[in-house]
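Encoded as structure tokens, the structure appears first; notes follow it.
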Protein chains: 2
Amino acid sequence: MVRLGMPESDYPDIRELHLFSEMADEPFMTLMRGAYVQNFPPRIELITEGDSSDFLHIVLSGSVDLFSSWNGRETSMATAWPVSTFILAATIKDAPYLMSARTLEKSRIALVPSQDVRAVFDADQGFARAIVSELAQCYRSVIKAQKDLKLRSSLERLANHLLQQQKHSGDVNEFDLQFEKRRLASVLGMTPENLSRAFKALHPYGVEIDGSHVRIADLGELKRFAKPDPLIDDPST
Amino acid sequence: MVRLGMPESDYPDIRELHLFSEMADEPFMTLMRGAYVQNFPPRIELITEGDSSDFLHIVLSGSVDLFSSWNGRETSMATAWPVSTFILAATIKDAPYLMSARTLEKSRIALVPSQDVRAVFDADQGFARAIVSELAQCYRSVIKAQKDLKLRSSLERLANHLLQQQKHSGDVNEFDLQFEKRRLASVLGMTPENLSRAFKALHPYGVEIDGSHVRIADLGELKRFAKPDPLIDDPST
DNA sequence: CCGTTTTCTTGATCTGGATCAAGTCATCGG
DNA sequence: CCGATGACTTGATCCAGATCAAGAAAACGG
């Protein structure tokens with residue numbers, strides 16, 4: 001786990017993030033100069049809920065599980081993929097993290113001091129606008145997740161998740177699950193045992209599963225069951 | 001249902017909202033001059049999910065239920081009380097509403113054109129900062145709600161809700177429920193029948209209920225059961 | 001390559017909460 | 001004041017999904 005200033009070779013990837021793409025060069029450089037990059041092995045806890053938010057985190061490679069615990073129980077809330085940020089809201093409000101984060105695999109994470117983020121927000125209008133847009137996006141994502149949870153059964157959630165993955169994989173009828181099943185279960189708010197059964201229960205709707213490989217024999221049939229709704233399932237709006 | 005330009009007597013209330021308190025006078029007046037105020041009877045649908053977001057809404061008096069539907073089911077997502085705004089995220093992103101809204105009682109609602117909000121955001125730094133802060137706050141509220149849903153049983157959710165209400169009522173041991181039980185049930189993600197039984201199930205922990213009046217005989221006992229957690233239950237952080 | 005560990009599956013059982021069905025109570029317009 | 005409508009409660013039943021238990025299949029470290 002080596003900590004070092006950010007190598008300039010990482011700048012372009014970060015610059016492309018829509019959070020940083022619309023700002024002027026100089027404030028961007030200010031942010032980058034104060035930032036660090038660290039390489040983490042799998043399953044390392046990066047932040048713990050309740051801690052104060054000293055850094056905005058950016059996943060450069062690998063992936064990060066955002067999860068929460070209460071009274072001995074634990075649930076996956078979301079996953080951060082490259083290249084994206086996480087815990088922006090805590091950074092902005094200078095408030096404690098509401099979620100913990102751990103690497104799922106070997107990951108490179110950039111750390112930008114929260115103070116710098118707040119300072120540059122005031123100095124650069126493009127950055128300010130991008131932060132607002134990103135926050136609004138995050139908010140809408142959680143609302144969608146909440147609707148998914150409150151309005152659907154676990155089988156319906158799985159069916160819609162598969163449709164999302166299918167679309168994400170380029171509208172082909174075969175693809176691999178993005179993460180291990182026990183995590184998928186937690187994300188969907190169910191147990192691993194039940195996920196196993198849910199896959200079987202989707203068989204009549206043309207879903208075939210082999211390990212982490214999914215084949216959707218009849219997309220129309222699955223859609224008829226899942227009833228996908230852009231106001232819940234479309235991540236872009 | 002009368003539509004008219006906003007009377008100046010409403011300005012001070014709105015000005016006090018932290019969304020508008022830190023901005024300069026002139027852009028504030030710009031927003032107000034473009035705004036409308038309407039009086040609505042109870043149970044009127046103000047906005048429908050999926051519609052485009054033409055106005056930022058501000059509850060001046062009364063209260064508003066934010067709810068969502070899918071496949072014939074419906075759930076309450078949140079309640080907007082005076083004086084606060086709702087659907088800020090949709091306004092900012094110029095994206096369709098993710099939730100519908102209906103008045104719970106006779107209500108006065110101010111409508112600020114979304115275009116104006118976006119324009120003034122670019123012109124006034126104080127307003128920009130306030131919007132970011134408000135959005136981050138909203139985001140964190142939903143995350144808390146999601147943790148509540150995924151990590152707790154309905155009985156635990158009710159117990160913690162009562163503790164929140166108790167605190168909100170000024171730390172007294174008797175208070176009235178803020179809304180009718182069928183809505184409370186929906187907010188807590190349960191059925192009215194089950195809410196009824198849940199109140200009874202909390203009796204051993206010192207909860208007594210009479211109509212909408214609640215008496216908490218033993219706060220310590222209830223807390224021992226509910227295990228409130230600031231990272232889920234504290235609305236301010 | 002093998003033994004260990006972990007994930008995944010499958011079956012049996014249990015339970016929290018939903019649904020269905022009635023009845024009671026409160027509110028309110030006439 | 002009455003009748004009607006909708007809210008709330010209570011009991012009986014049902015079901016989705018959790019839990020428990022055990023085996024099968026992968027993943028992994030040496």
Side-chain angles (χ1 to χ4, degrees), chain A residues 41-43 65 70-76 102 104-106 148-162 176-205 207-214 225-226, chain B residues 41-43 65 70-76 102 104-106 148-162 176-205 207-214 225-226:
Chain A
R43 307 194 171 255
D65 182 26
W70 177 79
N71 196 26
R73 299 163 215 172
E74 182 182 307
T75 188
S76 277
R102 75 162 78 90
L104 287 165
E105 52 196 305
K106 194 164 172 303
D148 195 43
L149 266 178
K150 288 184 85 175
L151 291 168
R152 287 173 172 163
S153 72
S154 61
L155 201 57
E156 291 164 339
R157 289 198 294 278
L158 175 59
N160 280 291
H161 177 83
L162 290 179
D176 285 320
L177 293 174
Q178 292 211 30
F179 29 61
E180 64 177 355
K181 291 184 183 166
R182 58 170 30 250
R183 276 203 69 243
L184 178 57
S186 185
V187 168
L188 294 176
M190 57 202 293
T191 57
E193 292 96 323
N194 243 314
L195 178 61
S196 225
R197 290 175 192 118
F199 274 121
K200 281 194 170 174
L202 288 181
H203 196 95
Y205 302 101
V207 173
E208 288 157 39
I209 187 110
D210 176 26
S212 66
H213 191 75
V214 180
F225 170 75
Chain B
R43 304 189 176 262
D65 182 27
W70 178 80
N71 197 26
R73 300 164 213 170
E74 182 182 307
T75 187
S76 276
R102 75 163 75 90
L104 288 166
E105 53 195 305
K106 195 167 170 300
D148 196 42
L149 267 178
K150 288 185 85 174
L151 292 166
R152 287 172 171 162
S153 72
S154 61
L155 200 57
E156 290 165 338
R157 289 199 292 276
L158 175 59
N160 279 291
H161 177 83
L162 290 178
D176 284 320
L177 293 174
Q178 292 211 31
F179 29 61
E180 63 177 355
K181 291 185 185 166
R182 58 171 28 250
R183 275 204 70 244
L184 178 56
S186 185
V187 169
L188 294 177
M190 59 203 291
T191 57
E193 292 97 321
N194 242 314
L195 177 63
S196 223
R197 293 177 188 116
F199 274 122
K200 280 194 169 171
L202 287 180
H203 197 96
Y205 303 101
V207 173
E208 288 159 37
I209 187 107
D210 177 25
S212 67
H213 192 76
V214 180
F225 170 75

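As the structure is a prediction and not an experimental result, all values here were calculated from the model. Because only heavy atoms are used, hydrogens play no part in the values below, and waters and symmetry mates are left out as well, while side chains stay in. Numbered from 1 within each chain, the chains take letters A, B, ... in sequence-line order.
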E156(A) has an atom CD; how far is it from atom P of dA18(C), in whole Å?
15 Å
Quick one: which of dA21(C), dT9(C), dG17(C) gets closest to the side chain of E193(B)?
dA21(C)
R183(A) CZ to dC8(C) P, straight-line distance once rounded to whole Å:
11 Å
Nearest-Å distance, CZ (R73(B)) to C1' (dG17(C))?
15 Å
From the 5' end of DNA chain D to its 3' end, which nucleotides mark the outer limits of contact with chain A, defined by a 4.0 Å heavy-atom distance cut-off (strictly under)?
dG17(D) to dC20(D)
For dG16(C), does OP1 or OP2 lie under 4.0 Å from any side-chain N or O of S153(B)?
no
For a side chain to side chain contact (heavy atoms under 4.5 Å, CB included) with L155(A), tell me which candidate from L202(A), N160(A), N194(A), L188(A) qualifies.
L202(A)
Given DNA chain D, 5'-ward residue of the pair R182(B) and R197(B), judged by closest heavy atom:
R182(B)
Find the distance L195(A):CG to dT9(C):C1' and express it as a whole number of Å.
11 Å
Touch class at under 4.0 angstrom, heavy-atom based, for S154(A) against every strand present
sugar-phosphate
Gap between atoms CG and C1', on N194(A) and dT15(C) respectively (whole Å):
13 Å
In whole angstroms, how far is the P atom of dA18(C) from the CG atom of L155(B)?
12 Å
Nearest whole angstrom, please: distance from the P of dG16(C) to the CG of L158(B).
16 Å
Length of the line joining K181(B):NZ and dA26(C):P, which is rounded to integer Å
11 Å
